[in-house]
Amino acid sequence: MKQPILVTGGAGFIGSNFVLEWAKCYSNEIVNLDKLTYAGNLLNLRSVQERTGYHFVHGDICDRELVLSLLQKHRPAALVHFAAESHVDRSILGPEEFVRTNIHGTFCLLEAARKYYSELKGTEREAFRFLHVSTDEVYGSLSPEDEPFSESTRYSPNSPYSASKAASDHLVRAYHHTYGLPTLITNCSNNYGPYQFPEKLIPLMISNALMARPLPVYGDGLNVRDWLYVIDHCEAIRVVLAKGRPGETYNIGGANERTNLQVVKTICSLLEEIKPQQSRFESLITYVKDRPGHDRRYAIDSRKIQRDLGWSPKETFETGMRKTVLWYLENSSWVKSVTSGSYKKWIADNYQSREAACEA
Ligand code: NAD
Ligand code: TYD
């Protein structure tokens with residue numbers, strides 16, 4: 001791709017991996033718009049900071065005029081939208097920011113993109129795409145015998161996070177249907193890999209285990225998620241951008257269904273092998289009070305993207321998890337830098353009440 005791209009949320013977990021991978025594949029201009037919330041971190045992007053044509057813009061996707069001015073100035077061929085509040089537990093304790101960023105923020109981007117698109121002509125107009133990065137959680141919860149989510153599964157979001165993502169997906173769909181905006185939606189399963197903020201299951205468990213802290217498993221630990229290595233997700237997004245049909249949705253998954261307990265035990269056994277300690281990591285597993293409304297199972301049917309666009313994941317759960325654990329071991333200074341200050345307050349807010357409730 002030769003024309004610039006505009007990425008939102010490119011300082012977060014998936015967004016920064018996407019920017020880093022994009023910079024390896026192409027030499028075009030990358031504009032990265034990010035508000036730098038607790039989840040955004042410029043350290044992730046150190047290796048592209050000096051790259052010709054890389055621009056970081058510190059700003060909010062709810063600032064419609066800023067977004068429009070960036071579109072008009074850089075004339076990107078694509079807007080790839082990652083920016084969001086992304087953690088289910090935070091959405092339970094404070095849903096308002098999820099409504100603001102995920103719904104209103106997406107609306108602001110769509111409005112700016114609609115205006116920009118209306119001014120485009122010829123090849124620039126033909127090339128433009130608005131790619132909205134979404135989640136499998138919009139489909140709700142499966143029971144063990146249900147078929148995995150397909151693109152035609154009815155939306156049934158259960159948490160404030162997934163409801164806000166579902167609302168944003170509907171807006172994106174409507175902007176295609178009503179205004180002809182060339183949109184693409186991807187609904188992906190749980191990602192893991194480098195630069196994931198240690199509030200999410202996998203980096204939290206790695207980081208707690210290394211500090212010999214309890215590994216807090218919600219409920220019975222038998223909730224199931226499908227796991228995809230983040231670099232595979234980034235490749236899928238590039239493929240959808242290049243070959244996806246405007247107006248379509250593509251489900252992206254790793255075909256790696258695991259219970260949370262299996263995930264935590266995998267981490268423990270990798271650490272046992274790579275960094276053995278006197279006491280076993282598994283002895284740190286602690287069952288704590290469950291998440292309210294906790295979805296039991298997610299599973300993704302990604303046959304459409306495989307068949308129509310030729311994408312499939314390269315990593316297995318075992319190879320991806322090994323890379324991830326090694327990355328966290330080799331990047332302890334990154335973990336340290338993101339777990340100071342407000343992180344400690346989050347851990348206290350989310351976990352103290354769970355332990356207290358368990359003991360009661
Ligand atoms: P993240 O929380 O790690 O990063 C979000 C980024 O968005 C941060 O850099 C943050 O500063 C930025 N941001 C937040 N509010 C903003 C605003 N108002 N304006 C500009 N920037 C803002 O999230 P992630 O895990 O990288 O997820 C990225 C996207 O992928 C999200 O839309 C999420 O819903 C989706 N998704 C995530 C997963 C997953 O497992 N993490 C799976 C499927 C889909
Ligand atoms: P998470 O990484 O928050 O992703 P999501 O809720 O979006 O799937 O959680 C993954 C699973 O791990 C989910 O079933 C909740 C569970 N979990 C725990 O058991 N303990 C924890 O401390 C966390 C953060 C999550």
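Every number for a ligand or one of its atoms is a count from 1 in the order of the listing. All values below come from the heavy atoms of this structure, side chains included, with hydrogens, waters and symmetry mates left out.
- Note: Tyr351 and Tyr218 have tilted aromatic rings, judged against thresholds of 30 and 60 degrees for the angle between ring planes.
- Test Ile267, Thr316, Leu326 against Met321 for side chain to side chain contact (heavy atoms under 4.5 Å, CB included) and you get one pass: Ile267.
- For Phe82, the closest heavy-atom approach to ligand 1 falls below 4.0 Å.
- Here atom 41 (N) of ligand 1 lies nearest to Ile14 when heavy atoms of Ile14, Val230, Thr135 are compared.
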Quiz item: When you look at Glu248 and Lys304, which way does the salt bridge (charged side-chain N to carboxylate O under 4.0 Å, His left out) test go after all the steps?
Solution: CA-CA 11 Å; Glu248 293 284 317; Lys304 178 176 170 182; 2.5 Å; yes
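- In terms of protein heavy-atom proximity, atom 10 (C) of ligand 1 is nearest to Thr37 OG1, 3.3 Å.
- Residue-level proximity to ligand 1 for Tyr161 is carried by the side chain, the only part with a heavy atom below 4.0 angstrom.
- In this structure a side-chain-to-backbone donor-acceptor pair under 3.5 Å is present from Asp34 to Leu36.
- Remark: Arg291 engages Asp89 in a side-chain hydrogen bond (donor to acceptor under 3.5 Å, both in side chains) (not counting sequence neighbours).
- Looking at ligand 1, you'll find an N or O of Asn191 within less than 3.5 Å of one of its N or O atoms.
- Within ligand 1, the atoms closer than 4.0 Å to a non-hydrogen atom of Ser134 are 43 (C), 44 (C), numbered from 1 in the order shown.
- The aromatic rings of Phe18 and Phe82 are tilted relative to each other, their planes meeting at an angle between 30° and 60°.
- A ring-ring contact (aromatic ring centres under 6.0 Å, His included) with Trp334 is found for exactly one of Phe13, Trp327, Phe197, namely Trp327.
- Of the protein's non-hydrogen atoms, Lys35 N, 3.2 Å is the one closest to atom 20 (C) of ligand 1.
- A cation-pi arrangement is present between Arg125 and Tyr117, with the terminal nitrogen or guanidinium carbon under 6.0 Å from the aromatic centre and inside a 45° cone about the axis.
- Using a 4.0 Å cut-off between heavy atoms, Ser16 makes no contact with ligand 1 at all.
- With respect to Asp169 and Lys165, no salt bridge is recorded, no charged nitrogen being found less than 4.0 Å from a carboxylate O.
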In a simple table, one pair per line, please give the protein and ligand 2 atom names for every N or O pair closer than 3.5 Å, along with the distance.
from     : atom 1 : to     : atom 2 : distance (Å)
ligand 2 : 2 (O)  : Leu201 : N      : 2.9
ligand 2 : 3 (O)  : Arg291 : NH2    : 3.1
ligand 2 : 4 (O)  : Asn190 : ND2    : 3.4
ligand 2 : 6 (O)  : Arg291 : NH1    : 2.5
ligand 2 : 6 (O)  : Arg291 : NH2    : 3.2
ligand 2 : 7 (O)  : Glu137 : OE2    : 2.5
ligand 2 : 8 (O)  : Asn190 : ND2    : 2.9
ligand 2 : 8 (O)  : Arg225 : NE     : 2.7
ligand 2 : 12 (O) : Asn260 : ND2    : 3.4
ligand 2 : 14 (O) : Arg225 : NH2    : 3.2
ligand 2 : 14 (O) : Asn260 : ND2    : 2.9
ligand 2 : 14 (O) : His294 : NE2    : 2.6
ligand 2 : 19 (O) : Tyr218 : N      : 2.9
ligand 2 : 20 (N) : Pro216 : O      : 2.8
ligand 2 : 22 (O) : Pro216 : O      : 3.3
ligand 2 : 22 (O) : Tyr351 : OH     : 2.6

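- Protein heavy atom at the shortest distance from atom 5 (C) of ligand 1 is Ala84 O, 3.4 Å.
- For ligand 1, the atoms closer than 4.0 angstrom to any heavy atom of Gly40 are 8 (C), 9 (O), 11 (O).
- The protein heavy atom nearest to atom 43 (C) of ligand 1 is Cys188 O, 3.3 Å.
- Between Cys62 and ligand 1 there is no heavy-atom distance shorter than 4.0 Å.
- Of the protein's non-hydrogen atoms, Asp60 OD1, 2.9 Å is the one closest to atom 18 (N) of ligand 1.
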Exercise. For salt bridge (charged side-chain N to carboxylate O under 4.0 Å, His left out), just list the numbers for Lys323 and Glu315, CA-CA rounded to whole Å, side-chain angles, deciding distance to a tenth of an Å, and then say yes or no.
Key: CA-CA 10 Å; Lys323 285 186 179 176; Glu315 299 292 343; 2.5 Å; yes
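- Looking at atom 30 (O) of ligand 1, its nearest protein heavy atom turns out to be Val133 CG1, 3.5 Å.
- Close contacts between ligand 1 and Gly12 involve ligand atoms 3 (O), 4 (O), 6 (C), 8 (C), 9 (O) [criterion: under 4.0 Å to a heavy atom].
- The ligand atoms of ligand 1 that sit less than 4.0 angstrom from a heavy atom of Gly59 are 19 (N), 20 (C).
- Distance from atom 23 (O) of ligand 1 to its nearest protein heavy atom, with residue and atom name: Ser86 OG, 3.3 Å.
- What sits closest to atom 3 (O) of ligand 1 on the protein, heavy atoms only, is Phe13 N, 3.0 Å.
- Between Asp34 and ligand 1, at least one pair of N/O atoms sits closer than 3.5 Å.
- Under 4.0 angstrom from ligand 1, the non-hydrogen atoms of Lys165 all belong to its side chain.
- No side-chain donor from either of Asn223 and Asn260 sits under 3.5 Å from a side-chain acceptor of the other.
- Residue contacts with ligand 1 leave out Tyr192, since none of its heavy atoms falls under 4.0 Å from the ligand.
- Between the side chains of His132 and Thr186, no donor-acceptor pair is found at a separation under 3.5 Å.
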Self-check item: Steps toward salt bridge (charged side-chain N to carboxylate O under 4.0 Å, His left out) verdict (Arg297, Glu147)
Solution: CA-CA 11 Å; Arg297 172 177 168 238; Glu147 291 296 317; over 6 Å; no
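- Residue Asn190 approaches ligand 1 through these ligand atoms, each under 4.0 Å from one of its heavy atoms: 40 (O).
- Heavy atoms of Ser189 found under 4.0 angstrom from ligand 1 belong exclusively to the backbone.
- Annotation: side-chain hydrogen bond (donor to acceptor under 3.5 Å, both in side chains) contacts involving residues 269-279, sequence neighbours excluded, comprise Glu273-Arg322.
- In summary, Lys35 and Asp60 engage in a salt bridge, as defined by a charged side-chain N under 4.0 Å from a carboxylate O.
- For Gln72, the side-chain hydrogen bond (donor to acceptor under 3.5 Å, both in side chains) partners are Glu119, not counting sequence neighbours.
- In Leu36, the part holding a heavy atom less than 4.0 Å from any atom of ligand 1 is the backbone.
- The aromatic rings of His170 and Tyr155 sit tilted relative to each other, their planes meeting at an angle between 30° and 60°.
- Taking a cutoff of 4.0 Å between a charged side-chain nitrogen and a carboxylate oxygen, Arg90 and Glu199 qualify as a salt bridge.
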